[in-house]
Structure formats: C-alpha cells, structure tokens
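Since we're looking at a predicted model, the values are computed, not measured. Values below: all heavy atoms of this structure, side chains included; hydrogens, waters and symmetry mates excluded.
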Amino acid sequence: MTASTRTNDCEVAVIGAGPFGLGVASGLRAAEIDVRAFGSPMGFWRDNMPRGMRLRSPWRATYIGNPDGPLSLDSYGQQVALREPLMLENFVDYGLWVQAKALPDLDTRMVRRVEKTGAGFRLALADGDAVHAGRVVVAMGLKNQQLVPAVFNGLPPELVSHTSDHTGFEAYRGKRVAVIGRGQSACESAVLLRKAGADVELVCRGDIHWLGEPSKSGGQSLRGTISGLLASPSRVGPFPVSWMIEAPGLVHGLPVATRDWVNTKGLKAGATAWLLPDFEGIVVNANRTIVGAAAKGSGIELKFDQGASTFDHVLLATGYRIDIGKLGLFEPEFLETITRHNGMPILSSGLESSIPGLHFVGASSVASFGPLMRFTAGTPYAAQSVTRLIQRARSRTGQRATVKLSPASMSAKSH
C-alpha cells in the first residue's frame, strides 16, 4: 500500500461492467456523481456462458439497475422482439444497450490491482496506466470463483472442465459426457450438450429439485399452481423465505447465523421445469457420491461409492464459492485488512466494507445482504444503496458534483 495526497481522477471507480457494475455506475451517473467504470461490457456473460442458455429469472425480475424507466428491460423490449424465458444472447444485447445509453465512455481496460492511498485508492491498469479514485466499487461477479471439487484437482482440461469454461458444446458431438451437479446450470448444460449431439449422463448427490414442476399430463400441477401464486417477484428461494430475500436490507439486519441459513436456503440447487421437455435421452444418475477420478485411456473414469463409469469428458456444473482473495485485485497485506466471512467481505450500509470507501456489490455481497445479490433483481438495491451512502457522505462534507454528463447519458436521463 502506498500513501498519497494527490487529487483523485474521479470520485468513484466501478470495477466490472456486468449487470451490477453497469447498474451501479449508471445509477451514480444519474445522480451526477463523478464516476468512471472499467471492464468488458457483459464480459462474463459473453465469454463464460454457453450460447442457447435461457435465464432462470422471470421477466419481471430481469433488469440492470432499473426495473422501470428508459433503461429497463421493458423499454428495451419495445425495440426488440423478446420472449420469456429470456435467451442469454438477448440479455447480453440488453446489457450492451444499457451501457451504450448510460455509460458510453466505459473504459474497457482491465484493473489489475487496487491499492489504498492517503486520498482514496489507486487502480493499476493492465496497460501500465493508473487511475486514482476517492471510492471504489468492486462488481466483478463470478470471475475466478469456480468451485472445482478436490477429487478433480490435477486433471487436464481435455478431460475435466467447468461450465464457465464454455460458450458452446459443439466439440462434444458424439462424445460421452458426465455432467456433475443438479442445479439450473447442470440441467441446462445437459440439455445443450444433448442438443449438440453428446451422449449425456447427469451425476448428482440427490434428486433434481424442479421449480414449478408440471403435471404428467403436460399442464401445470396443483403444486406448481400454488407455488406460482405464493412466489416472490424474483422467485429466489422457497416460500416464505423468498419474500424475506426480496428485502436485502432486512436480511442484512439478521444475526449472522440466521443470515447464513437464509443464504443456504435461497441458493439451494434447483432447475426450472421448462427444461423438462428437453430432458428426454439424458440419463440421470442420482444419489451418487464421487470418491475418485482418474485418466483412463483417452477418457476419464469416475469412481462412485458403488461402481465406476468411464466418460470422454466431465463437465463440472458445481457452481461457485465466493472468495474475494481469488479476484486478484488486492495484495495479501491489503486483503488481510478487509473483514470477511467465509471469503466474502462483511459489508455495512451502502455495501461498504471495513475499509472506508471500498464497496462490493453482486455475488461478493451475498454474505451480508442475501441471495438476491446473486441475481439481476438485486441490481436496483445495490445501485440505490451505494448512491445514497455517497450522497449522505457529500452532505456531511459539503462536496459538490463535478461530473460532466455525456450527451448520451443526458438523453437517457431525460426520457
């Protein structure tokens, strides 16, 4: 860490240009707060998710910082024909549309390091340049957070990969592939692999929990109808916990142990029932425990608690485990000064960490504000919370806005 009294280049720097980064940065700019945003727009969604994927979130909970108004999905949908469930490609295009309207000056350079200075923070960029900011908002989502079970450590990518390693599955046509997991990512990846011509077996520790399960006759079951009536707007988590999840501020006020329980319930593995019609031909090998994995010939052998099977490839749909140390932004000594819980920062109001002026939004804020922060439905809360905290801090110091809005930003704000 270095000490400095130099004038900062901006009041707030936002690192990351996915839904949370775009949502927070556009909210700050609309409030005339001097903000600079960095990152590849919708980069993780474009480079780490498979084509043909559909969003689990319902339309009414899919937006980037603005559920209503000129930057909402409804506004975008008036210009482009869309249908629910929303395709990945459509959501990426929506994000790029938001960026073009609200943040046309997005800096696409990557931030390699964040250091504390006397006046705020220094951001070291990949090209050797540096930017100084009074505050930093980290919105890097699931970058580098893949969960790889220890049994697969050391195996080559030709045999084992994570779902986030792929934008498509065409390379597995005619191959026998094991998909590990039972959540949305696992089930949808199995469907996409099958459509690509792979022979697919889904291996999981328990039965698949289908969300909104239809009846055998093809219509909505009574259970599914009741579930729909009781569902919260974002449909994150089971009833009635789902309604608590809708209020991140309420979750934040819970005791730590209770909040951990809510997070576990809210992020429990489940898959949307609209995948079921495409599940024909996929073998589900449930209630199995993998005790070993090793290369065998040109393939990979999975050893179970009982028996073994050989595959051409194993696809890990094992999700993510958030640890801000894996973001690569902080030197070890700086990282140690950030108070954390299970790898995630402990955040106060405004999603501010134990380091004043350093904020975390999105997946990194789940430990403090609940499961909604893993979904696009959490972007308005993040944007509003960070903006309000900065505005309160300004009112205490008498600081005034210095931002110069671009014509595009002014246009988006005025509509």
Side-chain angles (χ1 to χ4, degrees), residues 14-24 38-40 42-50 53 55-57 88 92 95 110-114 136-153 155 157 160-167 179-186 188-189 236 259-260 263-264 266-270 314-332 334-336 338-347 351 353 358-379 382:
V14 176
I15 304 174
F20 276 89
L22 294 175
V24 171
F38 298 85
S40 174
M42 300 298 289
F44 190 87
W45 292 74
R46 285 187 290 111
D47 302 332
N48 302 93
M49 295 185 187
M53 190 187 88
L55 270 65
R56 169 179 164 178
S57 299
L88 168 68
V92 168
M110 297 295 107
V111 177
R112 294 300 188 198
R113 193 71 68 187
V114 174
V136 169
V137 179
V138 179
M140 294 178 65
L142 299 175
K143 183 178 176 62
N144 299 333
Q145 306 298 313
Q146 300 91 329
L147 174 60
V148 177
V151 70
F152 296 103
N153 286 346
L155 290 171
V160 179
S161 62
H162 192 273
T163 51
S164 61
D165 297 326
H166 300 276
T167 57
V179 178
I180 312 301
R182 55 177 175 153
Q184 181 73 16
S185 178
E188 192 156 18
S189 294
V236 177
R259 196 162 61 233
D260 287 346
N263 289 339
T264 299
L267 296 174
K268 184 178 179 181
V314 169
L315 180 69
L316 301 177
T318 45
Y320 302 85
R321 181 169 293 164
I322 309 302
D323 182 348
I324 61 171
K326 296 190 293 185
L327 294 175
L329 283 180
F330 311 106
E331 293 287 359
F334 185 18
L335 183 65
E336 288 303 313
I338 303 173
T339 305
R340 288 164 287 164
H341 175 61
N342 293 333
M344 287 180 270
I346 298 299
L347 306 174
L351 290 85
S353 72
L358 179 61
H359 306 252
F360 291 84
V361 299
S364 295
S365 63
V366 166
S368 294
F369 287 90
L372 198 69
M373 310 314 285
R374 276 284 292 270
F375 297 85
T376 61
T379 59

When rounded to the nearest 0.5 angstrom, what is the spacing between [atom1] in [X] and [atom2] in [Y]?
| X | Y | atom1 | atom2 | answer |
| --- | --- | --- | --- | --- |
| Asn48 | Asp165 | CG | CG | 7.5 Å |
| Lys143 | Met110 | NZ | CE | 7.5 Å |
| Leu55 | Glu188 | CG | CD | 8.5 Å |
| Arg46 | Thr167 | CZ | OG1 | 11.5 Å |
| Ile15 | His359 | CD1 | NE2 | 12.0 Å |
| Arg374 | Leu372 | CZ | CG | 12.0 Å |

Treating [X] as the side-chain partner and [Y] as the backbone partner, does any N or O pair qualify as donor plus acceptor under 3.5 Å?
| X | Y | value |
| --- | --- | --- |
| Ser353 | Leu358 | yes |
| Glu336 | Phe334 | no |
| Thr264 | Asp260 | yes |
| Thr318 | Leu147 | yes |
| Lys326 | Arg321 | yes |

Is there side-chain contact between [X] and [Y], with at least one heavy-atom pair below 4.5 Å?
| X | Y | result |
| --- | --- | --- |
| Leu22 | Met42 | yes |
| Val148 | Val160 | no |
| Leu351 | Phe360 | no |
| Ser189 | His166 | no |
| Pro345 | Ser368 | no |
| Phe44 | Met49 | yes |
| Ser164 | Tyr320 | yes |
| Leu329 | Met140 | yes |

Where is the tightest heavy-atom contact between [X] and [Y], given as atom of each residue plus distance?
| X | Y | answer |
| --- | --- | --- |
| Ala363 | Leu142 | CB-CD2, 3.8 Å |
| Val361 | Ala139 | CG2-CB, 3.4 Å |
| Arg182 | Ala269 | CG-CB, 4.2 Å |
| Phe375 | Ser57 | CD2-OG, 3.8 Å |
| Val179 | Ala186 | CG1-O, 3.6 Å |
| Arg113 | Gly328 | NH1-O, 3.3 Å |

Any chance you could lay out the side-chain contact (heavy atoms from CB on, under 4.5 Å) test for Ile338 and Ile324, step after step, and finish with the verdict? CA-CA 10 Å; Ile338 303 173; Ile324 61 171; 4.0 Å; yes
Verify side-chain contact (heavy atoms from CB on, under 4.5 Å) between Leu315 and Thr163, making sure each step is shown before the conclusion. CA-CA 6 Å; Leu315 180 69; Thr163 51; 4.0 Å; yes
So, His162 versus Phe152, ring centres under 6.0 angstrom or not? no
Let me see the working for Met53 and Ser185 under side-chain contact (heavy atoms from CB on, under 4.5 Å), right down to the final yes or no. CA-CA 9 Å; Met53 190 187 88; Ser185 178; over 6 Å; no
Could you go through Arg340 and Leu335, starting from their C-alpha distance and side-chain angles, then the distance that decides it, and tell me whether this counts as side-chain contact (heavy atoms from CB on, under 4.5 Å)? CA-CA 9 Å; Arg340 288 164 287 164; Leu335 183 65; 3.6 Å; yes
